[in-house]
Amino acid sequence: EAAAGLGEGLQPPSAAPLPQASPPARSFQLDYEEDCFRKDGAPFRYISGSIHYARVPRPAWRDRLLKMYMSGLSALQVYIPWNYHEPLPGVYDFAGDRDVEAFLDLAAELGLLVILRPGPYICAEWEMGGLPAWLLWKPDIVLRSSDPAYLAAVDSWLHVLLPKIKPRLYQNGGNIISVQVENEYGSYYACDYGYLRHLLGSFRALLGTEVLLFTTDGTRAQELRCGTLQGLYATVDFGPGSNMTEAFGAQRQVEPKGPLVNSEYYTGWLDYWGEAHASTSSARVARGLEDMLQLGASVNMQVSPFLQLPSLPRPGADFKDQYKPVTTSYDYDAPLSEAGDPTEKLFAIRTIISKFQPLPVGPMPPATPKYAYGRVALQKYADLLDVLDVLCLSGPIQSQFPLTFEAIKQQAHGFVVYRTRLPRDVLDPATLGAPPHSVCDRGYVMLRQEYQGTLERDGQTTLRVTGRAGDTLDVLLENMGRISFGANISDFKGLLGNLSLDSSPLSNWLIYPLAIDTAIQQGWPHAALPKSSRGSRAGPAFYTGTFETPGIAWDTFVKFPGWSKGQLWINGFNLGRYWPHRGPQQTLFVPGSVLHVDRPNNITVLELEGAPPAPLLLFLDRPLFNRTLIGSTMATE
C-alpha cells in the first residue's frame, strides 16, 4: 500500500525491486527463485576462508591475505572480538594490531570480499567467545539474553563498531557482502528470541535495510529452532565428517528456498592442553569441499589460523564434563600454518577451487623464511613474590575472604596473588584445601615463600602443609582462559571459594592484582636494577636473557627443554603459554616482526612451577606439536 502513494512503479527504498526493475549498481541479495545469491544482479556463489586479524601480527596481514587470494578464494570471513576492542567499559582500542578498519581496507585493496562476524558473541575459541570479562562485574548478568544490563552493554558497543562498518558495506561502495548476527546461538541454552529480535533491530538501525544479515548454527533441529529468526537468513556449519545431504537438508527445513551455505567448514580442529594434536586429512577436506561446490553451495572454510597474539585476551577454553583450556597455538592443522605457510591442504583446496572458477594468475607467495637462532641461556632474575611492589603498584586489596578477578575489577586476565597468614602452629601436616572447582584455574601455593605445589580447577584441590602461626601463605592464581562455548561462558576467575586448613576457613586476605604485561611492555625487568634472588628453582620466578639476530629478523619457534609451565615475552611482546609436559604444543611461534636486528632481543620468562638446572631456550626453524616431553630428552631433537 505504501508504494501506491508514491505513484505508479515507484517504491520505497526498503521494498524488494519489481521483477522488471534493474538492480541498483551495487547490490548483494538473496534470490529465493533461483536458490542463489545475486551480486549486482548476477548469480553469485562465494568460496571463502576465515581469518582472525586479532591472531595475526599486523606486519603479516598483507602476506596472509595475498596467500588466501592466490588460493582462489573470493571472500574472507572476519570475526571481530568485542573484548579485543573494549577492554574496559567505554574504553576503546582500534590502534595498531587492533585497527580493524585498516584490515578491511587491505582486503578490499587485494580484491577480496568480506563476510563479517561482529558478534557480539563470536566463539572463535577466543576468551569468553569475544564477550568482555567486565560484563561479569554484575555477577548475576545473563549473557547472550534479553537481560537489560547485557543489552545495554551490547548496544553501546554496536553504536561504536557498526558506524565504522556501514561505509564499507558492498551497497555503499565497500567490500562487505553480508553480516552474521550472533553465532551458533542455537547451541546456547537461553533460546531467547527477544534477544535475537533486539540484535536484528540494532543491526538494521545501524547498517541500513539493504545489508544481507544471516545466522549460523549446527545442523541439529534444536540448534536451528533456537538460533534462527525470521528476517535473518539461516545458514549451517559442519565439517568433512558430516553427511552433507543431511546437513543441507537441515538448512532446507528452516530455509526451503535460497542459497545453500556452509558458513564454517572445518578444515581442522583445535588443540586442548594434555590431548593429542588434532589433524584432518587433506583428501577428506578436499572431497567434502568438491561435493558442496558441485551442489552450487557457498562455502566458508576455516583456512587461516595463526598464533594467539600476545595481546590480551587470551585463548579461550571449552567445558566438556570438565574445564579444557585451549593451547596457545591456533594452528589446528589448517591450510595456512600458524607461520602463514601454505600446506599440502591449501594446495588440495586450491585444486578443487580451480575446477569451479579460474584461479588468479601468478605464483603462490612462498613460505616465510625461518631461522634457528639456537640456544639462549637464561638467568633467574627474581622470585615473583619478591617483586610484588613492581607488579602491583597500587598495593594489595584487603578482604575478609577471597575475591574473584571480576570482583577486584582491575584484573580480567593473567595472575593475582592471594596472601594470608597461618592462624596457628601446624606441627603435624594439615590439609590445605579448596572446595571442588573453586580454583579457577590453577593455584601455585607458597608457604614462607617456598613452593608447596599446585591446586587445579578440576584436579588436585588439597595439599599437606606444616608451619608456624603467622607464617605467610601465598597462592598465585592463573586464569587459563574463559570458556568460549556452551552454557558456562559466565566463567569467573580466581579463588571462587575460601581456602581452609583442616576444614577451618582462612580469613584476612591481602589480594595483589598483578600487571605483569604492563611492566614488561614498559621494559621491566631488563631496564631494572639486578635483584639478588634465592637459589631455589621451584615456584613462580622470572628469568631473563638476550640474543642477537645475525642481521636478519626471520620467524622462529622457541622450545622449552626441561621447563614446566609458564609464559614467554620477547621485547615486551607476550608470545603466550608454554606447558611442554602437558602438551601437545612444544614450541611457541615468534613472528620476525617482534625481533630487533640492530640491538639485543630481550627475553623474559615467567616459570610457574620449576625451571631446569641450566635454564635455556632453544630457537628452532620449525614447530613441534604432537608430543609431550615426559620421558624424552632434548638430545632426540
Side-chain angles (χ1 to χ4, degrees), residues 87-91 132-134 136-137 139 312-313 380-423 432 434 438-452 455 467-479 492-499 505-534 539-542 544 566-567 569 572 574 604 606-608:
L88 290 166
V91 177
W134 49 259
L136 301 178
W137 291 359
L312 298 169
K380 182 170 176 181
Y381 173 76
D383 289 291
L384 179 135
L385 293 178
D386 288 338
V387 289
L388 293 183
D389 56 333
V390 177
L391 302 178
C392 182
L393 294 173
S394 56
I397 298 157
Q398 298 187 20
S399 178
Q400 184 70 6
F401 297 113
L403 300 171
T404 63
F405 282 28
E406 293 74 21
I408 296 167
K409 293 194 176 176
Q410 297 172 30
Q411 190 88 13
H413 313 101
F415 299 87
V416 170
V417 168
Y418 294 79
R419 170 173 285 180
T420 188
R421 295 186 181 279
L422 292 188
L432 177 71
S438 68
V439 176
C440 292
D441 299 302
R442 284 172 71 80
Y444 306 92
V445 179
M446 280 76 67
L447 191 54
R448 297 179 305 279
Q449 297 217 343
E450 289 173 13
Y451 176 60
Q452 305 293 308
L455 305 176
R468 296 276 183 183
D471 282 354
T472 303
L473 173 74
D474 288 290
V475 186
L476 174 68
L477 247 291
E478 177 185 14
N479 168 3
F492 295 89
K493 296 301 183 186
L495 282 178
L496 274 50
N498 206 358
L499 290 187
L506 295 168
S507 58
N508 299 322
W509 292 86
L510 293 176
I511 303 170
Y512 295 81
L514 304 184
I516 300 176
D517 251 356
T518 305
I520 293 177
Q521 280 163 9
Q522 292 170 356
W524 183 88
H526 293 267
L529 293 170
K531 285 194 87 77
S532 58
S533 73
R534 291 174 290 119
F542 289 95
T544 58
Q567 211 142 312
W569 292 259
N574 183 339
T604 307
L606 169 57
E607 166 60 49
L608 295 165

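These numbers were taken from a predicted model, which means no experiment stands behind them.
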Tell me, with the steps shown, if L447 and L432 meet side-chain contact (heavy atoms from CB on, under 4.5 Å). CA-CA 11 Å; L447 191 54; L432 177 71; over 6 Å; no
What verdict does the side-chain hydrogen bond (donor to acceptor under 3.5 Å, both in side chains) test give for H526 and T604, after you've listed the backbone C-alpha separation in whole Å, the side-chain angles of each residue and the deciding distance to 0.1 Å? CA-CA 8 Å; H526 293 267; T604 307; 3.1 Å; yes
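By the 4.5 Å heavy-atom criterion applied to side chains, Q449 and T472 are not counted as neighbours. Counting only heavy atoms from C-beta outward, the side chains of N574 and I520 never approach each other to under 4.5 Å. By the 4.5 Å heavy-atom criterion applied to side chains, Q398 and L510 are counted as neighbours. Contact check for Y451 versus L476: no side-chain heavy atoms found under the 4.5 Å cut-off. Inter-residue side-chain proximity for C440 and N479 is flagged as unmet; no heavy-atom pair is nearer than 4.5 Å.
Here the straight-line distance linking atom CG of L403 with atom OH of Y418 works out to 7.0 Å at 0.5 Å rounding. Taking CG of L136 as the reference point, atom CD of E406 lies at 5.5 Å (rounded to 0.5 Å). The structure places CG of L388 at 6.5 Å from CG of L514, a figure rounded to the nearest 0.5 Å. Rounded to the nearest 0.5 angstrom, L385 CG and D474 CG are separated by 4.5 Å. Distance check: L499 CG to L455 CG gives 7.0 Å after rounding to the nearest 0.5 Å. From I511, atom CD1 reaches atom CG of L495 across 8.0 Å, with rounding to the nearest 0.5 Å.
Counting heavy atoms of neighbouring residues, nucleotides and ligands inside a 6.0 Å radius, atom CD of Q400 exceeds 12 of them.
T404 places no side-chain N or O within donor-acceptor distance of the main-chain N or O of L496, the cut-off being under 3.5 Å. In this structure, the side chain of Q452 engages the main chain of E450 through a donor-acceptor pair within 3.5 Å. Side-chain N or O atoms of D441 include none that pairs as donor or acceptor with a backbone N or O of K493 at under 3.5 Å.
Summarising the geometry of F405 relative to A412, their closest heavy-atom pair is CD2-O, 3.8 Å, with the distance given to 0.1 Å. Nearest approach of T420 to S507, heavy atoms of both residues: OG1-O, 2.8 Å. Closest non-hydrogen pair, P513 versus I397, comes out as CG-CD1, 4.1 Å. Closest approach of K409 and W137 over heavy atoms only: O-CZ2, 3.2 Å. Nearest heavy-atom pair across K380 and D383 is NZ-OD1, 3.0 Å. Taking every heavy atom of both residues into account, L529 and Y381 meet most closely at O-OH, 3.1 Å.
Annotation: salt bridge (Lys or Arg N to Asp or Glu O under 4.0 Å) contacts of D471 (sequence neighbours excluded): R448. Legend: residues meeting salt bridge (Lys or Arg N to Asp or Glu O under 4.0 Å) with R421, ordered by chain and number and at least two apart, are absent. In terms of the salt bridge (Lys or Arg N to Asp or Glu O under 4.0 Å) criterion, residue partners of E478 (sequence neighbours excluded) are, by chain and number, K565, R577.
Aromatic ring orientation, F542 versus W569: tilted (interplanar angle from 30° to 60°).
Residue F415 is tested with L384, I516, D517 for a side-chain contact (heavy atoms from CB on, under 4.5 Å); the sole match is I516.
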